[in-house]
Amino acid sequence: MLARRLLAVIPLLFIVTIIVFGLILLVPGDPAVTLAGENATEERIDEIRSELGLDDSVLEQYGRWLGDAVQGDLGTSLYSSSSVVELISPRFSTTVVLAAGALVVALLVGIPAGMVAAARQGSWIDRLVTLGATAGVALPSYFLAMLLVLFFAIRNPWLPATGYVPFGDDPWLWFKGLILPSIALGSSGAAVVARQLRSALIDVFHQDYVRTARAKGLRPTKVVMKHSLKNAAIPLVTVLGLQVSFLLGGTVVIEQIFGIPGLGQLAVTAVTEGDLPVIQGIVIVATLVVVAANLVVDVLYGYLNPKVRAQ
Amino acid sequence: MFRHRLTVLVTVAALGVTVAACGSDDSGSSDDSAGGGDAVETTDGDAGSVTTDGASSPGTVDRDATLRIAYSVGPSRFDPHRASSSFDNTSLFLTYDRLVHQSPEAEAVPGLAESWEFNDDGSVLSMKLREGVTFHDGEPFNAEAVKANIERGQTVEQSAIATELAVIEEVEVVDEFNINLILDGDGASLPLVLSDRAGMMLSPAAFDNADLDVAPVGAGMYTVTDYDQDARIMYEAYPDYWDPDAVQAAAVEYLIQVDSVTRLNAIRSGQVDWTFVDPPQVSEAESAGLQLLEVPSLAFYHLQLNRSFEPFGDPLVRSALNHAVNRDAIVEGLQLGLAEAAVQPFPAGYLAHDDSITTDLYAYDPELARELLAEAGYGDGLSFEVIVPTVPNITQLGEAVQAQLADVGIDMSIRAVQPSQTADIFYVQQEGEALVSPWGGRPDPSQTLGLLYSDTGFSNPGRHTTPTFMDAFAATLEVQSPDERAAALRAASKAVAEEALDVILYFPTTPIVYTDEVSGVVGWLSGKPEFRGVGVAG
């Protein structure tokens, strides 16, 4: 079953790359004009176009790209001689670390908040969590990022305002540099997690088996942790799966604000330059991440709900 | 269920990439290293100045310190002959030396060539080269190296400077430190052309290096020790640089931060010592106690006309457009005063600026504009399409101009395009009747004049020109004494203004921001800061 899904990724990637290729070619503009420099002539632009093979037919260009891609060669950037794989891999790991940081924030804040709110439904703390969650979803991440920088990097110089230090260079600086971007990126996730978990838990609390557990005289914490949480986790896992793709998109903005050299920044540059091989590479990576997140979610369903496994 | 959700997720991922595309547009204005030609060069955020005021702090410079700067873009590539954007210069100047240098006022001064002169008929440019210079890899700099570099620039695949060097027919090595450039055509602009990427010297031993795009081998002030593309460049002082006074820091850390607010945050939180910001961030920078240097630039914003569009072939219509735009309102409203309103293609204080032409030539006068239009036969109105790249400040400018023209009965419809595609759409495909965009400026004034207004100019869609301008322009190409040439350039600039070949709006000033630890900060009129003599206190 897992193998079948993995196989299904191949046609999916194929379709995605065709769509991206088509979209780029539909947009007017020509990298050769840029590459010819600022005092170009039409002849020079034509020369460069043929040097890069941009004057071949669309089918030829796509075929050439595809032929290399299936051999693991995603090509080279039109604007520098770096290979697409070389460009993407360091940035991909940076973005993954950032997205993971945001997920950690979302879970560390969202799960306790959701649990407390559900356990004390209707209390002031429940209202506070609901209010906070609404604010968390409504507040744009870039705005929160600005506020965080202002308070924690400029007014009080505790954390760096910009930049990213690789873990290998200095683990402490790496950690400090990740705090603000992770909070900015993870806040809406935390809000979503808290809301989902709260309503799912409240739902579960009304189930017969929870009433039974309570009637047996189990401590409330045990009722929540052992009997309710696992069942309430199914919608939560679904939401987390969706969050992965939101985070991937969200890093684009957050990376700009914090000056972090991640996949998002690369995507911005590549799209504005019309650097087709790089765009294709990023889309493939993004697609693979999303597919992987889906698989993980499905496997977790099986763990959380034996009925799914049986199917 | 699974398939359905997958579709949703893939769509969301695709949206992420779309957001990426849009994101670039909010990310500050000078991020067009990618850009094609000038149409996308949003130089409003770039350095360049004729003043050095407030430059040095009295404190002593620590020659062991690292100068930390944040700039909006890194190089498109470190191969100087194939780097395609003038914004590459900022990172390239630190590590590559050029045959000719520029003064802060953007005039040609000796560099790796100690002196140069044309022969009487202007067919040969002789250069005397500096002796005792070595490249970072130990290769000697000499006449053979210059010959090899120029020939590579003319012929290497994807050369971005082949056009600039086309006038050189042959490089003749006279002796070890003297060369003759044999010219085919007018070479008056060549010295300043050689002060740009076209004159950058690359070690001949490194010509075929596979990693040349990321690992430069020049003869400049600093060597590149580490390069994380789009993020950070680390430079280290080159101990054998021929002008030790230029190298005031042991190292330079060059951070690439697209967004102006991000750069301001970086300097406010003490992560960098020097950066530049967009006009809206100036008051915040000042109140944070940072040093500020407002730097004029050769770049200007204009409503560029495709004069082969029939109405724009009529000087009355072009005059009307010039009178219909309210330059002062634009400068105050959009640039927050950080710009100089202008009607000629060169800024005050520059050798090609004609002092007799002021903005009074085209004072804001909607009534007169309407009369001129009526006289030209467009009393019932005129409509055309303008290309506007989707960069926030340019979009605002386009809308402001649109509203001002609407007041005199001109219906200008805006077509928003991707910044990197602007040059292709307006110059190559020749779509749209006008363009709102910055012109990036050129090392030599004749380049700007020729590209924008001559009958062969690549950036003159339709190639319309006037005899008066062409005569004046031809005079600027002749080899003559510097004073005579400056006079010719001023005359050509005057012709552009008087014939209303363009609707020039303003020259932006760039706010450079630095801490009081930094000394030797100079504004460069070229708009491409060079860090010669810039250091930090210990």
Side-chain angles (χ1 to χ4, degrees), chain A residues 12 16 27-30 33-42 44-45 48 51 79-82 87 90 146 149 153-154 157 160-164 241-242 245-246 248-249 252-253 256-259 261 264-269 271-274 279 282-283 286-287 289-291 293-294 298, chain B residues 2 5-6 9-10 12-17 19-21 23-24 27 31-32 34-38 76-77 84-86 157-158 160-164 210 213-214 228-231 255 257-259 261-262 265-266 268-271 418-421 423-425 427-429 440 442 447 451 458:
Chain A
L12 177 75
V16 168
V27 179
D30 183 346
V33 176
T34 309
L35 288 166
E38 285 156 346
N39 301 297
T41 57
E42 265 131 50
R44 186 66 201 133
I45 290 170
I48 289 189
E51 279 167 20
Y79 291 84
S80 72
S81 50
S82 317
L87 279 173
M146 298 285 185
V149 168
I154 292 173
T162 66
Y164 176 80
L242 280 167
S245 24
F246 282 120
L248 221 53
V252 172
V253 176
Q256 294 285 352
I257 293 174
F258 288 96
Q265 270 203 357
L266 186 67
V268 171
T269 325
V271 170
T272 45
E273 290 179 341
I279 299 173
I282 294 170
V283 168
T287 310
V289 169
V290 171
V291 169
N294 274 282
D298 282 317
Chain B
F2 170 74
R5 204 180 53 245
L6 189 66
L9 293 186
V10 170
V12 172
L15 277 176
V17 174
V19 169
S24 72
S27 55
D31 51 344
D32 293 306
D38 294 274
S76 62
R77 34 175 124 208
S84 52
S85 161
S86 66
E157 261 201 14
Q158 288 180 45
I161 54 169
T163 327
E164 282 101 314
D213 285 345
V214 292
D228 186 1
Q229 213 168 322
D230 296 330
L255 295 179
Q257 298 183 331
V258 176
D259 191 71
V261 176
T262 304
N265 286 339
R268 285 192 68 187
S269 65
Q271 289 181 304
Q418 275 275 358
S420 62
Q421 285 140 14
D424 187 35
I425 291 170
Y427 298 148
V428 181
Q429 313 297 331
R442 287 294 179 278
Q447 292 177 293
L451 284 164
F458 174 73

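Chain letters run A, B, ... following the sequence lines, proteins first, then strands; residues in each count from 1. Note that the structure is predicted; figures quoted are calculated from it, not measured.
Of the listed residues (A/Pro160, A/Pro261, A/Ala161), the greatest number of heavy-atom pairs within a distance under 4.5 Å of chain B belongs to A/Ala161.
Residue contact with chain B, scored on non-hydrogen atoms closer than 4.5 Å, involves the side chain of A/Ile48 exclusively. Neither the backbone nor the side chain of A/Tyr164 comes within contact range of chain B; no heavy atoms are under 4.5 Å apart. Looking at A/Gln265, only its side chain comes within 4.5 Å of chain B, counting heavy atoms on both sides. With a threshold of 4.5 angstrom between heavy atoms, B/Gln447 approaches chain A through side-chain atoms but not through N, CA, C or O. The contact between B/Glu157 and chain A is made by backbone and side chain atoms together, counting heavy-atom distances below 4.5 Å. If you measure heavy-atom distances from A/Pro157 to chain B, you find no contacts under 4.5 Å at all. In this structure, the portions of B/Gln229 lying under 4.5 Å from any heavy atom of chain A include both its backbone and its side chain.
Atom CD1 of residue A/Ile257 and atom CG of residue B/Asp259 lie 7.0 Å apart, to the nearest 0.5 angstrom. To the nearest 0.5 Å, the span separating CD1 on A/Ile45 from CG on B/Asp424 amounts to 7.5 Å. A distance of 4.5 Å separates CD1 of A/Ile154 from CZ of B/Arg268, quoted to the nearest 0.5 Å.
Between the side chain of A/Glu51 and the backbone N or O of B/Gln158, at least one donor-acceptor pair lies under 3.5 Å.
The shortest heavy-atom contact between A/Val33 and B/Ala423 is CG1-CB, 3.9 Å. The two atoms that bring B/Ala266 and A/Thr162 nearest to each other are CB-OG1, 3.7 Å, heavy atoms only.
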Check the pair B/Asp213 / A/Ser82 against side-chain contact (heavy atoms from CB on, under 4.5 Å), numbers first and verdict last.
CA-CA 8 Å; B/Asp213 285 345; A/Ser82 317; 5.7 Å; no
